[in-house]
2 protein chains.
Amino acid sequence: MAQTLRIPRSDNRLPQILDEAARLFREKGYAATSMRDIAAAVDMLPGSLYYHFAAKEDLLVAVYEEGVRLITEKVRAAVARHEEPWLRLEAAAVAHLEALLKTGDYALVVIRVLPQDVPKAAARLVKLRDGYDALFAELVAALPLPPETDRQSLRLLLLGALNWSQHWFRESGRHSPRSIARSFLRLLRDAQKI
Amino acid sequence: MAQTLRIPRSDNRLPQILDEAARLFREKGYAATSMRDIAAAVDMLPGSLYYHFAAKEDLLVAVYEEGVRLITEKVRAAVARHEEPWLRLEAAAVAHLEALLKTGDYALVVIRVLPQDVPKAAARLVKLRDGYDALFAELVAALPLPPETDRQSLRLLLLGALNWSQHWFRESGRHSPRSIARSFLRLLRDAQKI
DNA sequence: AGACAAAACGAACGACTGTTTGCTTTATAG
DNA sequence: CTATAAAGCAAACAGTCGTTCGTTTTGTCT
């Protein structure tokens, strides 16, 4: 009863499919990207994609999961390098923004494509997002703040501003994702040092 | 040579078309909303919409313009009621958020539908957005701040967080758009009073 | 070399897309 | 009442959509 090991074929094209799907979903959004667009980008016929994914929405979920995984990983690693709560939050903000604006595609899909755009997979997408949000909630909870400070607002203010940056950020020598995140954090931190 | 006055027909349905288009664009996004969806919502045949608008993108531009007009109007009125720069900015933030989260549809389309979603009209949409952004830039410029403060970051931080609120805000007794905007502004203002 | 599964092809399906066109209804003005 | 223009209907156009399926190619293991 020798079990047949499913050894993946040598040169699997699945990563390439995910890459191009992520790029297109980010550029044009979910609804405006067709399976034919993705197939053409990886030089395949449209039907062939269905060997790898049962439906378009499954392709998005796969990209989404990878996006959340990537950004979570980067933020966790950055946070672990510091002890002081404000420094940990700053490291998280910098890592978050760099993941969005430099790693690109995968992470941006997560904040560009709304769960409501994909009704059948909405629940899964929301769950993925929430898991990530909890990470920031912990960091904010650890901050030494005056008791009257609204920690929830602080988190929403910071994370909202970071996510919105996708709409105005342009690569330039003057402003990097890192400098922007630090600038945001300085504006917030100084308020609490009174 | 009596000029023929084009008096609008008594019960024009154009406002109704715009209302439903705004609602659908906000709910499902631009690409996922079909002309047939809009036509069905106003109880018309799809082709009839083309008497009012030459193309789908023109319908979006019309909604967009109305959205920018509405929110600009509300913010201007709110700002005019105050003299002190921080109070003026707070009034603007409250009005902005209330326009987004309470007026609904029209204003939300402006921040939900990206110019890049409608390539042919992208330039016009960007122009409309920028005009509104300038309003906030003026308010931030008027703030009495220490010289080292990054005013651009302050504006981007605030406006980004306000716009992002569409993604997490839920109507509830505890948090109103007004209280959220004020909470955000307090976090920022306190930093500058050192 | 032969066996076998993974991977992709080729072609089509029914449904839906934005839009056009000629005709009819409807409301107003003279 | 009648002329006239606004507004909407009815039907179709060419194209694109996500998806299916039988067949063929490709790569790997024995």
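In what follows, every chain begins at residue 1, and chains take the letters A, B, ... in the order their sequences are listed. The figures here come from the full heavy-atom set of this structure, side chains too, leaving out hydrogens, waters and symmetry mates.
By the side-chain contact (heavy atoms from CB on, under 4.5 Å) test, A:Gln152 is found to be paired with A:Asp150, A:Arg155, A:Leu156, B:His175, residues two or more places apart in sequence or in another chain being considered. By the salt bridge (Lys or Arg N to Asp or Glu O under 4.0 Å) test, B:Glu27 pairs with B:Arg23, sequence neighbours left out. For A:Asp117, the side-chain contact (heavy atoms from CB on, under 4.5 Å) test picks out A:Val113, A:Leu114, B:Arg112, with sequence neighbours left out. In this structure A:Asp37 satisfies the side-chain contact (heavy atoms from CB on, under 4.5 Å) test together with A:Leu24, A:Lys28, A:Thr33, A:Ser34, sequence neighbours excluded. The side chain to side chain donor-acceptor pair (under 3.5 Å) check on A:Glu65 picks up A:Arg124, with sequence neighbours excluded. A search for side chain to side chain donor-acceptor pair (under 3.5 Å) contacts involving B:Glu66 returns B:Arg69, not counting sequence neighbours. Scanning for ring-ring contact (aromatic ring centres under 6.0 Å, His included) contacts around A:Tyr30 gives A:Phe25, with sequence neighbours left out.
The stretch residues 54-63 of chain A touches DNA chain D through A:Ala55, A:Lys56, each having a heavy atom within less than 4.0 Å of the strand. Shown for residues 26-44 of chain B: residues whose heavy atoms fall under 4.0 angstrom of DNA chain D, namely B:Arg36, B:Met44. Of all the residues in residues 17-25 of chain B, not one reaches under 4.0 Å from DNA chain C with any non-hydrogen atom.
In this structure, B:Tyr50 places its OH atom 18 Å from P of D:dA10, rounding to the nearest Å. In this structure, B:Leu45 atom CG and C:dT24 atom P are separated by 16 Å, rounded to whole Å.
An OP1 or OP2 oxygen of C:dC9 is reached within less than 4.0 angstrom by a side-chain nitrogen or oxygen of A:Ser48. Between B:Arg13 and D:dG8, a side-chain N or O to OP1/OP2 separation shorter than 4.0 Å is present. Between B:Tyr51 and D:dG8 there is no side-chain polar atom (N or O) within less than 4.0 angstrom of OP1 or OP2. Of the side-chain N and O atoms in A:His52, none sit less than 4.0 angstrom from OP1 or OP2 of C:dA6.
Evaluation of the ring-ring contact (aromatic ring centres under 6.0 Å, His included) test over residues 108-148 of chain A, restricted to residues two or more places apart or in two chains, returns A:His96-A:Tyr132, A:His96-A:Phe136, A:Tyr132-A:Phe136. Applying the ring-ring contact (aromatic ring centres under 6.0 Å, His included) rule to pairs touching residues 54-82 of chain B yields nothing, sequence neighbours excluded.
The side chain of A:Asn12 lies closest to C:dA7, out of C:dG18, C:dA7, D:dA7.
Using a 4.0 Å cut-off between charged side-chain N and carboxylate O, B:Glu98 and B:Arg178 make a salt bridge. Between B:Glu90 and B:Arg186 no salt bridge is recorded (no basic side-chain N to carboxylate O distance below 4.0 Å).
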